[in-house]
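Note that this is a predicted model, so its numbers are computed, not measured.
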Amino acid sequence: MRLLWKSVDKMRFFRKRSTLPVLSFLVTSLLFFNLYMDDGYVLDAEKRQLGEIHPSTSERYVHTFRDLSNFSGSINVTYRYLAGIPLPRKKFLTIGLSSVKRKRGNYLLETIKSIFDQSSYEELKEIVVVVHLADFDLVWCENLVQEISRKFAHHIIAGRLLVIQAPEEYYPSLDGLKRNYNDPEDRVRFRSKQNVDYAFLLNFCTNLSHFYMMLEDDVRCSRNFLTALKKVITSREGSYWVMLEFSKLGYIGKLYHSKDLPRLAHFLLMFYQEMPCDWLLIHFRGLLAQKDVIRFKPSLFQHMGYYSSYKGVENKLKDDDFEEDSIDIPDNPPASIYTNINVFENYDATKAYSSIVDEYFWGKPPCTGDFFIIIFNRSAKISKIKIVTGTEDRQNDILHHGALEVGQKSVETKQGRHCSSYITLGEFKVGSIEVQDVDHKIGFGIECVRIVVTANQKEWLIIRTISLWTTQPINQLTK
């Protein structure tokens, strides 16, 4: 196996002082190889129980450059099942964790407990947690598996928790690696192995669910985080994305379509020694044409570890956008957004309806009769509406005089879709409005929500957030 990996290591003639030109060249090459490949992802890796005989050297995975360029295929790894087995039915979400032995502290059990404790019974039916014990100390792994099995036996039996391991012989050489960024040798070895750990975990999880969430092994979850995730996914229907972020720290709270996992796994393997995984992720989403970060607030996951898995050094990083109770995230049903207010630069109307961090609508001074309208893809029963204008930096760029209306009977016009009948819910006060129990006040399915300017103003207008809550349950997405 390791002799065959040397075919990849021979590529070290690329080793130069500057790493980024090399990476750019390789990424460009991969783009031609893979960007238009079929999405028929099949996880055909053979999986065996712990204790079975390992394949001979001639049978082990041959990881050549040609294999790496086939991003659509799975990586042929014989995994060890340490606890649990996958169920035949695909779940909504797989949560992946990779863990190694730490010099100080161990937070894996607390992380697993937080995932299950913060989920309702109905939410638990839709998730599977996969833990990759990626340490080569088999005694440590065995002891930890026993502890996991004792504490979470009912989740293992129910198919909600799997513990796996990719055997050491499948790893590339971790000696003589490139020392990019003048990192010490042991640091390069640690982060390079971590990339491979994640690649093997992603590869295993390809066909377990429709979506995949990466966490680290020292994380606390917000209550009902799955419901919050579903709301965000539903609100993004019809829009393209590769990675959604629910934490601003490290490799915590990063959401993918499961169909993209084979490509990401291969990508991490190909560049495993180039840079840390969180840097590689930026290149990956760019390669798949997501230029900007799509991060949501509040954060659903918090880093709780005090000591890093690298040498046990102190790591006190905290996500100050984290909220323990994030269930009140708005639903914001899929909709089209229109306005006749002059837009400033790229602060377009859709950004007011998004919960993405630091996105908002910004327009030039509006006049009486100007409007901002949201037209749902299908009628909805709305329980609450909350709209906030202005920002902390520009507190005068609020809607000084305006009304909130809801409408029905949408029709197509030359100016676009509009509702033919509206009812006023209230007036803006100091740039904001919040209306509760909308469904009790309105006797019809709402098709439009409209903001109407009722007086000229000299100030520009920022619509920071438009938040809508529905009375319907979140759709059960099927992909």
Side-chain angles (χ1 to χ4, degrees), residues 50 79-86 91 93-121 123-166 190 193-194 197-198 200-202 204-205 208 212-226 246-247 249-254 299-319 322 324:
L50 177 63
Y79 294 91
R80 294 169 174 162
Y81 280 140
L82 307 183
I85 57 173
K91 299 294 186 76
L93 179 70
T94 299
I95 300 170
L97 309 167
S98 182
S99 189
V100 296
K101 181 170 64 175
R102 295 170 180 256
K103 292 183 180 295
R104 304 171 70 182
N106 190 311
Y107 311 98
L108 176 61
L109 296 176
E110 293 178 64
T111 299
I112 298 173
K113 185 176 186 298
S114 179
I115 292 171
F116 292 137
D117 286 354
Q118 298 290 60
S119 302
S120 68
Y121 177 73
E123 288 171 330
L124 288 174
K125 294 178 182 178
E126 296 298 319
I127 66 174
V128 57
V129 179
V130 178
V131 178
H132 179 207
L133 295 186
D135 203 279
F136 299 149
D137 184 339
L138 298 184
V139 174
W140 175 83
C141 291
E142 182 178 350
N143 290 336
L144 187 54
V145 168
Q146 290 178 2
E147 196 167 358
I148 291 172
S149 300
R150 185 171 61 254
K151 289 181 177 293
F152 304 106
H154 59 297
H155 292 298
I156 294 172
I157 294 170
R160 288 191 289 267
L161 177 60
L162 307 175
V163 185
I164 63 164
Q165 185 181 56
F190 171 83
K193 179 183 176 297
Q194 188 177 58
D197 296 343
Y198 283 135
F200 288 156
L201 172 60
L202 293 163
F204 180 89
C205 295
L208 299 182
Y212 175 87
M213 172 69 71
M214 181 66 81
L215 294 184
E216 296 181 3
D217 64 349
D218 52 356
V219 168
R220 189 170 84 251
C221 307
S222 68
R223 187 169 291 108
N224 301 110
F225 64 87
L226 179 62
F246 296 88
S247 171
L249 300 180
Y251 210 170
I252 297 173
K254 306 302 185 277
S299 296
L300 301 180
F301 307 97
Q302 178 65 284
H303 178 258
M304 68 176 176
Y306 188 75
Y307 298 107
S308 169
S309 53
Y310 172 63
K311 283 189 168 184
V313 298
E314 289 188 4
N315 182 2
K316 300 179 181 179
L317 284 177
K318 295 295 179 185
D319 188 337
F322 173 75
E324 188 81 26

Indicate yes or no: at least one non-hydrogen side-chain atom of V129 is less than 4.5 angstrom from one of F116. yes
Closer than 3.5 angstrom, by distance alone: can the side chain of S114 be matched with the main-chain N or O of C221 as a donor-acceptor pair? yes
Nearest 0.5 Å please: distance from the CG atom of L82 over to the CG atom of L138. 9.0 Å
Under a 4.5 Å cut-off applied to non-hydrogen side-chain atoms, are H155 and I112 in contact? no
So do the side chains of K91 and L208 get within less than 4.5 Å of each other, counting heavy atoms only? no
Side-chain contact test, heavy atoms from C-beta onward, threshold under 4.5 Å: evaluate it for V100 versus D197 and give yes or no. yes
So how far is it from H154 NE2 to L124 CG, rounded to the nearest 0.5 Å? 8.0 Å
When rounded to the nearest 0.5 angstrom, what is the spacing between NZ in K125 and CZ in R160? 10.0 Å
Please check if the side chain of T111 supplies one atom and the backbone of V219 the other of a donor-acceptor pair under 3.5 Å. yes
Could you check whether any side-chain heavy atom of V163 comes within less than 4.5 Å of a side-chain heavy atom of I156, counting everything from C-beta outward? no
Cation-pi geometry met for K193 and F136 (6.0 Å, 45°): yes
Euclidean distance, C205 SG relative to L93 CG, rounded to 0.5 Å: 10.0 Å
One should read off an interatomic distance between L226 CG and S119 OG, to the nearest 0.5 angstrom, of 6.5 Å
Regarding E123 and N224, is there a side-chain donor-to-acceptor distance under 3.5 Å anywhere? yes
I'd like to check Y212 versus V130 (side-chain heavy atoms, cut-off strictly below 4.5 Å). Are they in contact? no
Under the side-chain contact (heavy atoms from CB on, under 4.5 Å) criterion, do T94 and M213 qualify, and how do the steps go? CA-CA 6 Å; T94 299; M213 172 69 71; over 6 Å; no
Between atom OG of S99 and atom CD of Q165, what is the distance when rounded to the nearest 0.5 Å? 11.5 Å
For the rings on H132 and F200, is their centre-to-centre separation under 6.0 Å? no
Would you check if L144 and L108 make a side-chain contact, meaning some heavy-atom pair closer than 4.5 Å? yes
Output, in order, the C-alpha distance, side-chain angles, deciding distance and verdict of side-chain contact (heavy atoms from CB on, under 4.5 Å) for V131 and L162. CA-CA 6 Å; V131 178; L162 307 175; over 6 Å; no
Please tell me whether F225 and F301 form a close aromatic pair, meaning their ring centres lie under 6.0 Å apart. yes
Yes or no on side-chain contact (heavy atoms from CB on, under 4.5 Å) for S98 and Y198, after CA distance, side-chain angles and deciding distance? CA-CA 7 Å; S98 182; Y198 283 135; 3.8 Å; yes
Walk me through whether L202 and M214 qualify under side-chain contact (heavy atoms from CB on, under 4.5 Å). CA-CA 9 Å; L202 293 163; M214 181 66 81; 3.9 Å; yes
Test item: L133 and W140 side chains (from C-beta on) under 4.5 Å apart, heavy atoms: yes
Where G159 and V128 come nearest, the two heavy atoms and their spacing: O-CG2, 3.6 Å
